[in-house]
Structures are given as structure tokens and as C-alpha cells.
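Both ligands and their constituent atoms are indexed starting at 1 by order of listing. Position 1 is the first residue of the sequence, and the numbers go up from there.
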Amino acid sequence: MADLMESLTSLAKRRGIAFPSSEIYGGLRSSWDYGPLGVELRNNIRRAWWRSMVQLRDDVVGLEAAILMSPRVWEASGHVAGFSDPLVECLNCHQRFRQDQLEGPVCPNCGQKEFTEPKQFNLMFKTFMGPVEEDAAVVYLRPETAQGMFVDFRTIQQASRMKVPFGIAQIGKSFRNEITPSNFIFRTREFELMEVEYFVEPGTDEKWFEYWKEQRLQWFVDLGVRPEKLRIRAHEPDELAHYAKAAADIEYEFPFGWSELEGIANRADFDLRQHQEASGEDLTYFDQENERRYLPFVVEPALGVDRALLVFLLDAYRVGEAPSAKGEMERRTLLALHKDLAPTKVAVLPLSRNETLVPEARRVHGLLKPRWPTAYDDAGAIGRRYRRQDEVGTPFCVTLDFDSLTDRQVTVRERDSMQQDRVSIDMLSDYLQERLGP
Ligand code: GAP
């Protein structure tokens, strides 16, 4: 199973999906860059999330808050005092670890069993605003996007005239100085969050907490993740974040074991209350129908783009066999990505670089390109080209052969079944639209 992480990391680098940042300088452990196909995949994940969380709903609106916020935000939110992990150092090799992630009291680096007493290590990155490096100028890189929704709650509610229950959605970079970044893009120090803060009437929060757990689990299933690889685990009282009344993780069975994929928290009115007290501003909501004023409770589904991307890749990764041009069985690596996530939707492949075939294939490519991200590849044997597309999850390959020049038809091959249909060029866009959507 651990091999799966290795195979995937190597595929991701070879095909320009994701690879270590600053690699020519030896990399910066825990930062990753996303290449051409990775960018498309990330955009597709963000789009699928936004579509389900904002576009298809009437009760959620968007926000893009600044990454740098007033340091008072992080004091009020409890992050300055409480956003920390227990850090221990091995007394033998001096490597540092998160105490709660050690498997028994054994150093994963040298095997010795003696550690320093745990020290709380704050995970927020600090920097200085303006040209002076002094305490008064300290600002933090946000460790979550959520605080933007809380401090802008009143402005957004009034501007969009939303009535509770309603939510504010945001996608954006977040930063945590993780003690032990690990497992490719699973835990990194810079990552992107997709969060909704869903404001509800106190007393209805538990119902909404259940609702969001179901909705979020279904989102992964709808995007093709195998249900048996997903489960929901409630947090024990001693693992709850400082702001949470209750929390649950959607977990995925990674090659390194069941781990958190997405967090759903019932934050009660912790954040709005803290900001109301610290800022002196009234953040209550007036329910006109019932003539009642209250501080809403908040239920929050929060998912990392990078972690979602890792799960979609892991879950879609298959190794099988396919016949070569000579009819011999060959190894085939496949990313069986959901069509909405696939970075490239169609590839146009002329059978050869023949001078009459190529212009026609280019024309077909030009026809499809405005509709879907479409690749063109005329290099190498056709079997090899199919393999290249399978490996990055392209749902359809369109092949032009010499008959295409006379019968005006192409062969469309579907990725998972490898079934082939002969389709007229005139009908090709309709054929693909039926299967890929707009
Ligand atoms: N606002 C609540 C919040 O941030 P969280 O459980 O700390 O909750 C939410 O994080 C999600 O963000 C996680 O379930 C995971 O998908 C992602 N995430 C958190 N820390 C991460 C890290 N260091 N690297 C990559 N993704 C991370």
C-alpha cells in the first residue's frame, strides 16, 4: 500500500501534476508546486466545490478576504493563545516531533525512547508589516480562512440581505507551521482551504451539523470516490479544537491509514462572541419574522484543496492491462478520475503524422478546444499515446485514420471501458457534450 504513495508521487512529478517546490535548490520540505495538469485539476476541484456549495444553493454567498488581517483578529479568535501542537524533542538525535503523532514513546528517527517534556508550539507564521521589524508590526499569515467570514459577517449579511440560516464560502491559501509535514501533499505548511461558515439559529445547530456531515460525504461519492474508503469519525472531547462544541472528520483510507480528509465543526457562537467582545461592535443578527436578536451559531465544513486532490488521485489510480497494437497485453496505468475533475477532457490523436491527416486532426482539435480542455498528440505509436492519456485521466481520445478523410468519421475511445465508437465529425461535439456535459 505504501508503494501506492510512491507510484503516485512519481507519476505526479513525471506528468507535471505536482512536484517539490524550489527543487533545483534541493526543495523546501513541505512546499509543492503544481504544473500544467495540476493547475487544471485544482481549478476543477475548486469549481466542483463552489458549484455545489454556492452556485446550486440559494443560501450561501462568496467572500475573498485578505490573507493578512489585523493581529487583533487572531488574539480574539484564540489562535495566538491556543492554536498550537505539543512539540517534543528526542534527547538522542534532537529531531522534533508532534507528541500526539508518535506511535508509542519511540523516536521514529533513531529508535531511542527519551524525549523532552512537551512544549506548546504555536502554528501561526509570523511576519512584519511595513518597513520596521518590531513587535508592534507583527502580523500573521492566516492559518484558516474562517476568520474572514466572522469579521465580515455583518457587512456581508447586510450587503446581500441574507437571512439566517445562511452561509459564507471562501477558498484561499492558508499557512501553518506544521511540526511534521508529511506524506506528499497531505500535510504541508502552505495549503489552500475551501470553507463555509454556515450561520444558524442557536438550538438548530445540531441538526445542521448532521446535515453538513451528510452533504459533504456525498460530495466525494458524487465525484467518484469509493464509498468504502470513506467514513465519518466524531472527535473525542479531548481532541476538539479550542473553538468547537462538537466536530467530526470525514476520513479516507489513505495508504498510510485512515486519516482526516475534511473537518466539520460546530463552532457554536464562539467566534462571533469573541469578535464582538474584542472589537466592541455589535455582531448580533435581528430575526425580523420572530422579532428576536441573537448571535448566530456556526457550523463549518472545511476541506483542503491539496488534500482533496491527493484523495482524488489515490482513489482513481489503477494499474491494469491493455492490448498493444500487436495484440500483446501491456501494463496500463489509469487515473479513473471523474469527468468533471479530469484535467484534460479530450485528446485528438491522428493515426500518423501524414501530411493530409495532420491538418484534418488540427481542424478537429480547433473544433473541440473552445468547449473543453483538449490535448493534441501526434508523437509515437498510437498505443503509447493512449497510455499517456490514460495515465492522466483523459476521458476521451479521438483518433483520425485514413478512412476519416473520406467517410468524415473518427474513432472515439472511452478511457475506462476502452470501448470505441465511430462518430461523424459533424456530430462529435454533441456526442462529447452528452458524455462530458457543457
Ligand atoms: N477552519 C477550520 C479548519 O481549518 P482543520 O480541520 O484544521 O479546520 C480543515 O482543517 C481541512 O484543511 C483539513 O480537513 C484538511 O483537509 C486541510 N488541512 C488542514 N491542515 C492542513 C495541512 N497542514 N496541509 C494540507 N491540508 C491541511
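- In this structure, Y243 has a heavy atom closer than 4.0 Å to ligand 1.
- In summary, the atoms of ligand 1 found under 4.0 Å from a heavy atom of F186, numbered by their order in the structure, are 24 (N), 25 (C), 26 (N).
- Between D390 and the choices R15, R415, R331, R413, the salt bridge (Lys or Arg N to Asp or Glu O under 4.0 Å) rule is met once, by R413.
- Between E197 and ligand 1 there is no heavy-atom distance shorter than 4.0 Å.
- Using a cutoff of 4.0 Å between basic side-chain nitrogens and carboxylate oxygens, E201 and R292 are scored as salt-bridged.
- With respect to the salt-bridge test (charged N to carboxylate O, under 4.0 angstrom), the residues R176 and E144 do not qualify.
- Residue-to-ligand polar distances place E144 within reach of ligand 1: an N/O pair is separated by less than 3.5 Å.
- Among all protein heavy atoms, the one lying closest to atom 1 (N) of ligand 1 is E195 OE2, 2.3 Å.
- A salt bridge links R42 to E192: at least one charged side-chain nitrogen sits closer than 4.0 Å to a carboxylate oxygen.
- Regarding atom 2 (C) of ligand 1, its nearest protein heavy-atom neighbour is E300 OE1, 3.0 Å.
- The side chain of R267, and not its backbone, has at least one atom closer than 4.0 Å to an atom of ligand 1 (non-hydrogen atoms only; side chain from C-beta on).
- Ring geometry for F199 against F150 counts as perpendicular: the plane angle is over 60°, on a 0 to 90° scale with 30° as the lower cut.
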Please tabulate, one pair per line, all N/O donor-acceptor pairs under 3.5 Å involving side-chain atoms of residues 430-438, not counting sequence neighbours.
unit_1, atom_1, unit_2, atom_2, d
Y431, OH, D421, OD2, 2.6
Q433, OE1, R371, NH2, 2.2
R435, NH1, Y431, O, 2.9

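- Taking only nitrogen or oxygen atoms, main chain and side chain alike, A146 does not reach within less than 3.5 Å of ligand 1.
- If you check which protein heavy atom lies closest to atom 19 (C) of ligand 1, you get R176 NH1, 3.6 Å.
- Looking only at protein heavy atoms, the nearest one to atom 6 (O) of ligand 1 is E260 OE2, 3.0 Å.
- Taking 4.0 Å as the cut-off between side-chain N and carboxylate O, R226 and E253 do not count as a salt-bridged pair.
- Taking the side chain as every heavy atom from C-beta outward, Y386 and M418 never approach each other to under 4.5 Å.
- Relative ring orientation between F312 and W219 is described as perpendicular, the plane-to-plane angle rising above 60° on a 0-90° scale split at 30° and 60°.
- Using a 4.0 Å cutoff on heavy atoms, D306 does not count as a contact of ligand 1.
- The residue from E251, R307, Q147 that puts a heavy atom closest to atom 15 (C) of ligand 1 is R307.
- Listed by number with element, the atoms of ligand 1 under 4.0 angstrom from any heavy atom of G263 are 14 (O).
- For atom 16 (O) of ligand 1, the nearest non-hydrogen atom of the protein is L261 O, 2.7 Å.
- If you number the atoms of ligand 1 from 1 as listed, the ones under 4.0 Å from a heavy atom of E262 come out as 14 (O).
- Counting protein heavy atoms only, atom 18 (N) of ligand 1 is closest to F191 CE1, 3.6 Å.
- Among residues at least two apart or in separate chains, salt bridge (charged side-chain N to carboxylate O under 4.0 Å, His left out) pairs with a member in residues 77-92 are D85-R98, E89-R96.
- Under the 30°/60° scheme for interplanar angles, the aromatic rings of H79 and F83 are found to be tilted.
- Scanning all protein heavy atoms for the shortest distance to atom 24 (N) of ligand 1 gives T188 N, 3.0 Å.
- Nearest protein neighbour of atom 12 (O) of ligand 1, counting heavy atoms only, is L193 CD2, 3.2 Å.
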